[in-house]
J.: 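There's a structure below that I have some questions on.
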Amino acid sequence: MTDVGPFGLSVRDQALEADVQAGMAAVEEGLLEATKSEVPFITEAAQHLVRAGGKRFRPLLVMLSAQFGDRYAPGIVPSAVVVELTHLATLYHDDVMDEAAVRRGVASANARWGNSVAVLTGDFLFARASHILADLGPEAVRVQAEAFERLVTGQILETAGPQDGRDPVEHYLDVLGGKTGSLVAVSCRFGAMMSGADDTVVDVLTQYGERLGVAFQLADDVLDIASDSHESGKTPGTDLREGIPTLPVLRLRERAARLGLADDIALCELLDSDLTDDDRHAEALRLLRAHPALEQARQDTIRYAQDARSALAPLPECVAKTALVELSDAVVHRAG
C-alpha cells in the first residue's frame, strides 16, 4: 500500500498504484515540457509554480477516472496536463487579485516579478493548455471551453457579490461551483472520456467531480482560518485580510444576523475593519478559530464530500471506485 497524490491517498491495489504513479510521473514531465519557452525568463516564470510542487489533485482525478475505460489511451496524460496548466494559470491570476505574497510555500509570482509578469505568465499557461487541447479533438475543446466559461463566471460573481435579496451563502456556493467545481468536474470527465468509458460512467464521474470540487474548496476555506502556513503552503487568513468572504465568515455573519449576539456582532465589526493591520488580523484569526461558525463550515464541507461519495453509487465496485471514495473522505479529513 503506497501513498500517492494529495492528502496521502492510499492505493491498496498494486496494478492501480502502478498505473497512477506512472501517469502522474508522465504528467509531471508534460508540465515541464509545456512550460518551456525559447525565452529563458518566460520558462523560469512559467515553471515557478510547477517546480514548487502542489497536490496535483486534478491530474490524479484524471488518472483514477481513466480506470473505467482504456487506462492507457493516448489522450489521458495530455488532458491531465491541460487541466493542471489551466489550474496553475488561475493561481497566477488569483494571486494578483488577492495581492498574495506566498503560494505553495514560495514567493508568489506577483511578489517576485510584479503583477504584469504574473498576469502574462498565467496567459502563457492558458495558451499552452489550448495548444495541447487542440490535439485532443473538438469535443475536448468544447468541454474545456464550457468549464473555463463557468470558472471565469464564478470569479466575476465573487467579485460582484450577491444581488440584493440573494442569500450570501447560496451565492457563495454557486461561485465555488464555477470557480473550483467546474475544473475538477472536467478532470473526471476528461479521464473517463479519453479512456472511452460509457457515457453513463462519464456523467457519474462528472457529477462526482463537481461536488468534490466544492468540498475541496470548502476545506481550503477552513484551512485558511484554522491552519498555519506550514500546513497550507500559503499565508493563513489571506482571504480574511483581503476582505474576501469565505464560508466561515459567511456563517458567522448569518449567525450574527439571526441571533444578534454581542460577541458575534463585535467580531463582524472587527472583520469589517482594516485587517491589513497585523494585530487586528491576528485577533480576527484567533476569534474565528474558536467560533462555532468554523465548525459549521467544516460540517458543510463534510456534507459536500458525502454528496460526492454518494454520486459514485451507480458505478461498479472496483479498486478505482474505492480510491475515489477514499479521496472524498480525505478531503473531509483535510478540513479537520
Side-chain angles (χ1 to χ4, degrees), residues 1-12 16 20 24 53-65 67 80 83-84 87 90-91 94 104 147 151 154 169 172-192 204-228 230-234 236 238-239 246-248 250-251 293-313 315 319-336:
M1 181 174 70
T2 302
D3 290 345
V4 298
F7 330 127
L9 174 66
S10 297
V11 174
R12 294 176 173 81
L16 177 60
V20 170
M24 297 294 279
K55 294 173 285 292
R56 302 292 190 257
F57 180 53
R58 292 153 189 82
L60 176 64
L61 286 169
V62 175
M63 296 305 145
L64 291 175
S65 299
Q67 295 289 318
V83 293
E84 188 66 10
H87 171 59
T90 66
L91 297 185
D94 281 352
R104 295 183 172 176
L151 192 158
V169 171
Y172 183 64
L173 293 172
D174 283 347
V175 166
L176 295 193
K179 277 189 63 178
T180 306
S182 60
L183 195 57
V184 175
V186 163
S187 302
C188 294
R189 187 174 190 85
F190 273 165
V204 165
L205 288 169
T206 302
Q207 292 173 33
Y208 164 82
E210 178 89 19
R211 297 169 191 179
L212 187 70
V214 174
F216 181 79
Q217 184 56 55
L218 293 179
D220 258 9
D221 285 0
V222 171
L223 281 172
D224 186 59
I225 302 298
S227 74
D228 59 30
H230 176 74
E231 289 177 273
S232 63
K234 52 186 179 181
T238 297
D239 290 332
T246 58
L247 192 63
L250 292 173
R251 288 303 190 192
L294 184 62
E295 180 56 33
Q296 189 173 1
R298 282 196 179 99
Q299 293 305 314
D300 291 324
T301 304
I302 291 170
R303 176 167 56 86
Y304 269 90
Q306 288 174 339
D307 285 348
R309 181 175 183 158
S310 297
L312 295 171
L315 296 182
V319 292
K321 179 179 178 179
T322 299
L324 291 171
V325 167
E326 291 181 355
L327 188 55
S328 65
D329 293 342
V331 168
V332 172
H333 177 73
R334 181 167 168 260

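Throughout, residue positions are numbered sequentially from 1 according to the sequence presented.
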J.: Should M24 and R56 count as side-chain neighbours, where that means a heavy-atom distance under 4.5 Å?
T.: yes
J.: So, using side chain to side chain donor-acceptor pair (under 3.5 Å) as the criterion, who are the partners of R251 when residues are at least two apart?
T.: E254, D300
J.: For E210, which residues count as a salt bridge (charged side-chain N to carboxylate O under 4.0 Å, His left out) partner, sequence neighbours excluded?
T.: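 Per chain and number, E210 pairs via salt bridge (charged side-chain N to carboxylate O under 4.0 Å, His left out) with R150.
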J.: Could you state the interatomic distance from CD1 (I302) to CZ (R309), rounded to the nearest 0.5 Å?
T.: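 I302 atom CD1 to R309 atom CZ measures 12.5 Å (nearest 0.5 Å).
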J.: L312: which residues meet the side chain to side chain contact (heavy atoms under 4.5 Å, CB included) condition with it, sequence neighbours left out?
T.: L205, Y208, L315, K321, L324, V325
J.: Mind checking what makes side chain to side chain donor-acceptor pair (under 3.5 Å) contact with R211, not counting sequence neighbours?
T.: none
J.: Using atom types as modelled, flag every donor-acceptor pair under 3.5 Å from a side chain in residues 181-189 to any protein atom, sequence neighbours excluded.
T.:
unit_1 : atom_1 : unit_2 : atom_2 : d
S182   : OG     : G178   : O      : 2.5
S187   : OG     : L183   : O      : 2.9
R189   : NH1    : T206   : OG1    : 3.3

J.: Working note: V214 + T180, criterion side chain to side chain contact (heavy atoms under 4.5 Å, CB included); need CA distance, chi angles, decisive distance, verdict.
T.: CA-CA 6 Å; V214 174; T180 306; over 6 Å; no
J.: Using side-chain heavy atoms (C-beta onward) and a distance below 4.5 Å, is L173 in contact with L218?
T.: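 Side-chain contact under 4.5 Å: yes.
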J.: Restricting to non-hydrogen atoms, name the atom on L212 and the atom on S328 that form the minimum distance, rounded to 0.1 Å.
T.: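 Minimum heavy-atom separation between L212 and S328: CD1-CA, 3.7 Å.
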J.: Of all heavy-atom pairs between A80 and V83, which one has the smallest distance, and what is that distance?
T.: O-CG2, 3.1 Å
J.: Could you please spell out the steps behind the side chain to side chain contact (heavy atoms under 4.5 Å, CB included) verdict for F190 and R58?
T.: CA-CA 10 Å; F190 273 165; R58 292 153 189 82; over 6 Å; no
J.: Can you name the side chain to side chain donor-acceptor pair (under 3.5 Å) partners of D307, sequence neighbours left out?
T.: none
